[in-house]
Chemist: 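Could you have a look at this structure, given as structure tokens, before my questions?
All values below were derived from every heavy atom in this structure, side-chain atoms included, with hydrogens, water molecules and symmetry-related copies excluded. Small disclaimer: the values here were computed from a predicted structure and weren't measured.
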Amino acid sequence: MDIRPSQSGTRSIQPPIVSQSLRSPEDLADHQPLRSYRADKWPGWFDGLGIGCPDLRGPVLDSSVALAELAAGGLGVALLPAAMFAAHLQTAQLVRPFSHEVLTGRYWLTRIRGRKATRAMTQPESWLSAR
């Protein structure tokens with residue numbers, strides 16, 4: 001099996017209307033943090049800034065796409081991989097009010113070594129390698 005790591009930096013991303021009220025990371029305490037199943041994301045993000053994490057409540061989601069949709073709809077703030085949502089950022093559906101970034105994990109591209117590689121298997125690998 002081939003295993004190739006890819007680093008994933010996660011940044012605070014919000015809809016434009018929310019970001020207007022954010023002058024510092026401490027202002028996030030006044031907004032609903034949208035949480036992923038990875039419970040360490042928000043505490044790690046705040047810890048990297050040297051400030052306490054506000055009370056985390058509300059639903060927990062297991063999809064970055066769902067988190068982005070809720071944030072774009074003005075239902076809270078999310079920590080998302082900026083590269084994954086570049087189109088949302090370019091069109092200002094989502095904005096990054098703070099440049100602080102924290103490494104939260106890696107994605108893995110795997111395949112069975114003994115299986116003949118198809119175009120569908122190699123195309124994502126080629127695309128990632130070009131980045």
Chemist: State which residues pass side-chain hydrogen bond (donor to acceptor under 3.5 Å, both in side chains) with Ser126; sequence neighbours excluded, sorted by chain then number.
Modeler: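 For Ser126 there are no side-chain hydrogen bond (donor to acceptor under 3.5 Å, both in side chains) partners, ignoring immediate neighbours.
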
Chemist: Of all heavy-atom pairs between Arg57 and Gln32, which one has the smallest distance, and what is that distance?
Modeler: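 Where Arg57 meets Gln32 most closely, the heavy atoms are O-NE2, 2.7 Å.
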
Chemist: Who are the side chain to side chain contact (heavy atoms under 4.5 Å, CB included) partners of Ser63, not counting sequence neighbours?
Modeler: Val65, Ala66

Chemist: Are Arg35 and Pro59 side-chain neighbours, meaning at least one heavy-atom pair lies under 4.5 Å?
Modeler: no

Chemist: Let me confirm one number: the NZ-CZ distance from Lys41 to Phe46, rounded to the nearest 0.5 Å.
Modeler: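 Reported value, rounded in 0.5 Å steps: 14.0 Å.
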
Chemist: Between Leu79 and Ser36, is any pair of side-chain heavy atoms under 4.5 Å apart?
Modeler: no

Chemist: Nearest 0.5 Å, please: how far is CZ in Phe85 from OG1 in Thr91?
Modeler: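 Rounded to the nearest 0.5 Å, the OG1-CZ separation comes out at 12.0 Å.
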
Chemist: Can you say whether the rings of Phe98 and Trp45 are parallel (under 30°), tilted (30 to 60°) or perpendicular (over 60°)?
Modeler: tilted

Chemist: Who pairs with Arg115 by side chain to side chain contact (heavy atoms under 4.5 Å, CB included), at least two apart in sequence or on another chain?
Modeler: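 With sequence neighbours excluded, Arg115 shows a side chain to side chain contact (heavy atoms under 4.5 Å, CB included) to Ile112, given in chain and number order.
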
Chemist: Applying side chain to side chain contact (heavy atoms under 4.5 Å, CB included), can you list everything that pairs with Asp47, at least two apart in sequence or on another chain?
Modeler: none

Chemist: Identify the two heavy atoms, one from Leu34 and one from Trp42, that lie closest to each other, and give their separation to 0.1 Å.
Modeler: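 Residues Leu34 and Trp42, closest heavy atoms: O-NE1, 3.0 Å.
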
Chemist: Are Glu125 and Arg111 side-chain neighbours, meaning at least one heavy-atom pair lies under 4.5 Å?
Modeler: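 Yes, at least one pair of side-chain atoms sits under 4.5 Å.
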
Chemist: Hydrophobic clusters join Ile, Leu, Val, Met, Phe, Trp and Tyr when side-chain heavy atoms are under 4.5 Å apart, directly or via other members; which others share one with Tyr37?
Modeler: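 Its cluster mates, by chain and number, are Val60.
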
Chemist: State, to 0.1 Å, how close His31 and Pro33 come at their nearest heavy-atom pair, and which atoms those are.
Modeler: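 Reported closest heavy-atom pair: O-CD, 3.1 Å.
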
Chemist: List for me each residue that meets side chain to side chain contact (heavy atoms under 4.5 Å, CB included) alongside Ala29, sequence neighbours excluded, and say none if there are none.
Modeler: Pro54

Chemist: For Leu61 and Leu70, work out which heavy atoms get closest and say how close.
Modeler: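 Scanning both residues, the minimum pair turns out to be CD1-CD1, 3.2 Å.
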
Chemist: Would you check if His88 and Glu69 make a side-chain contact, meaning some heavy-atom pair closer than 4.5 Å?
Modeler: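 Of all side-chain heavy-atom pairs linking Glu69 with His88, at least one is under 4.5 Å.
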
Chemist: Any side-chain heavy atom of Leu94 sitting closer than 4.5 Å to one from Leu80?
Modeler: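 Of all side-chain heavy-atom pairs linking Leu80 with Leu94, at least one is under 4.5 Å.
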
